Each structure stands twice: as C-alpha cells, then as structure tokens.
Amino acid sequence: MLYKIKGTITSSFFIILVLLILSVIVLYPIWTMLFLGAIFAYGIRPIADKLTKYIPYKSVSIGIVMIVILLPLIGVLAMLVDTLFHSAPALLSTAQKINLDSMDKILRSYVPSEFMPSADILFNALKDLINNLLKMIVDYFLDLIKSVPMIALQLFILFASAFYFTRDGEQIVSYVSSFIPEERKDFMGHLIIETEKVIKGIFYGHFLTAFIIGLMAIIGFQLLGYPYAIFLGLLAGFFQLIPVIGPWPTYTILAIYDFISGNIVRGVIVLIFGAFLSSIDVYLRPKLSGKYADIHPLLFLVGFLGGPLVWGLAGFIIGPLILGVAYAALNVYREEKAA
C-alpha cells in the first residue's frame, strides 16, 4: 500500500496535475486580463506584422502599434481619473447643497391647479429619483477613485499579456498544438478559424457601436444647444465602449442640470434622446457582431448581457466569445459527423 502511494505521488502525471492546480490558483485572480490580452493580441498582431517589414525588430514594432492604439485610451482614462480626483470633493459638496425646491416651483407653474393633487405625487417621486440618481453617481465616482490602484494593476497585466501574446503567439500555439492528438487536429483547426470570426465580430460590435453612438450623441447634443457638444458626444461614445456604463452618465447629468436650472423641456428631451441611445445598443451591437460571424444575433445579445453578470466588465467580451465559440464548435462537430 505504501509503495503504491509513493509510486502515485512521484509519478509524472500526479506532479503535473498538482502543478497545474497550483498554477490555476495563482492565475485565477488575473485570468480575465490575461484572456483579454490574448484577444487584443489578435487585433494588434496583423498591424505589427506589416510594420515589421519596415522595422526589423519585432518587439519594437509591437510596442509602436500598442502605443498608437492604446495611448489615446490611456490618455482619456488618465484625464478622467485626474478629473475625478480633483472634482470628487466639489462634486460631493455640490450634490449635498443642491436645492430641488426651485425646480419643484418651476414644475408646478406648468401644471393647472385642478391637476395639482395628482401632480404632487409625481413631483415628489421625481425629486426622490433625482436625489437617488445624484447619490448613485457620486457614490459610483468615489468607488471608482478608490479602485484606481487595482485598475492600474489590471491594465498593466492587460498590456503586458497583449505584448507577449502578440510577440510569442506562434510559439504558444505551436506548444499547445503539440498536446493535441493527430486525429483531432482537423477539428481544432476548423474551430480556430471559427473562433477568429467570432473575435472579429465582437471587435466590430464593440467599436463600431461606440463610434455610431458617439456620432449620434454629438449631433443630438449639438441640435439641443449644449455647449461642448463634440466633447460630450465623444464622452458618450467612450462610455459606450465600456458597456457596463454606457452613455447614460452623460445624458443623465445633462438632464439633471437642465431640471435644476429650470430648462424642463430640454431636460425631458435629452432624457428621451438618451434612452433611445441606450436602447439602440441592444439591437446594434449584436447585429454588427453577427454580421461578421455566422452566428445568430441572439447569441451575441445573450452573451453581452449575461457575461458581465459572471465576469464583470470583461464579461462583455468573454460572454459572447464563449457562446460564439461553443456554437461554432457544435457546427464543426456536426459537419464532421455528416462528412
């Protein structure tokens, strides 16, 4: 018995299994960033390969591409964080000092006296809603500021993994392929091709949707007469790129500002316009994603909505990717059976 136990714990299979389990434990807290790094590497690598024709050093080419692609994003995030750091105390103080009584008086002036009893209930509900929204926005920004160190660490892991996956992707694929049995390589080859289509669809779905929403927001804010309409539209588009947020902070703050300042009509219009921007995402994102991958838009929609519930922000990519690849794998398996 003792001899069998010794033989088991010293076997190569047991040692490798234990090491793999320990590796999973180490990587578990950051696996989503590693996964996203591999996804970003897929988009960076073709550009870096073209640049390598002119710059013979692959690492330099990859670094230049990452800087060109990611530097604007880093700059916007840095400006946002800096603004939050400097404006958080003032934002909290302003939210606490806001007096909604003036808005209440303005609203009442539009309502005939015979409807006032019913309107009182509506006005009180509206005041509570605005107070809750202000508190929620302030709390969200304060929580975001507190999480800046963790966000910085995750971004570092994301960028580092994207760089190394781009540079050494072929070696990684070759190493993993060496463990695949010869009879299953055709299946895996077809699956990789379908996975690339799904990744392309997700990229187009995210970035094209953000561009379209941002452009529509610029036009809408310009027509409504807001100052800095281009900046506000770009901000809405940037928030749209982060689907867990979406464009709602931009138009909600504008509506609250209009309500408090007495511009009730424009406040209502911008809320309706903002609700349209938020709702069109439900149709536009899966539609664009499904255009580039032969997968039903409903799968992408379910992935976009369900993924974040499990994996947070990264779930907007991981969710539809898993469902898309699972669907592709079933199709490849079905084709192999039919052949």
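Index from 1, following the sequence. Quick caveat, the model's predicted, so the values are computed rather than measured.
We find the CD1-CD1 distance between Ile30 and Ile157 to be 4.0 Å, quoted to the nearest 0.5 Å. We find the CG-OG distance between Leu34 and Ser161 to be 5.0 Å, quoted to the nearest 0.5 Å. Atom CZ in Phe159 sits 11.0 Å away from atom CD1 in Ile67 (nearest 0.5 Å).
Taking both residues in full, the closest heavy atoms of Ala217 and Gly233 are given as CB-CA, 3.8 Å, listed atom of the first, atom of the second, then distance. The two residues Phe40 and Ala162 come nearest to each other via the heavy atoms CB-CB, 4.3 Å. The heavy-atom pair separating Ile280 from Leu277 by the smallest distance is CG2-O, 3.1 Å. Counting all heavy atoms, side chain and backbone alike, Tyr251 lies closest to Ser278 at OH-OG, 2.9 Å.
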Open item on the list: For a side-chain contact (heavy atoms from CB on, under 4.5 Å) check, start with the C-alpha distance between Tyr57 and Thr52, then their side-chain angles and the critical distance, and finish with the verdict.
Closed with: CA-CA 7 Å; Tyr57 303 102; Thr52 306; over 6 Å; no

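In this structure the side chain of Phe165 never reaches within 4.5 angstrom of the side chain of Arg45, judged on heavy atoms. In this structure, the side chains of Ile318 and Trp31 come closer than 4.5 Å at one or more pairs of heavy atoms.
No more than 12 heavy atoms of other residues, nucleotides or ligands shown are found within 6.0 angstrom of OH on Tyr164. Within a 6.0 Å radius of CD in Glu170, no more than 12 heavy atoms belonging to other residues, nucleotides or ligands are found.
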Pairs under 3.5 angstrom only: tabulate donor-acceptor contacts from the side chains of residues 264-271 to other protein residues two or more places apart or in another chain.
from   : atom 1 : to     : atom 2 : distance (Å)
Arg266 : NE     : Asp258 : OD1    : 3.3
Arg266 : NE     : Asp258 : OD2    : 3.2
Arg266 : NH1    : Leu224 : O      : 3.3
Arg266 : NH2    : Asp258 : OD1    : 2.9

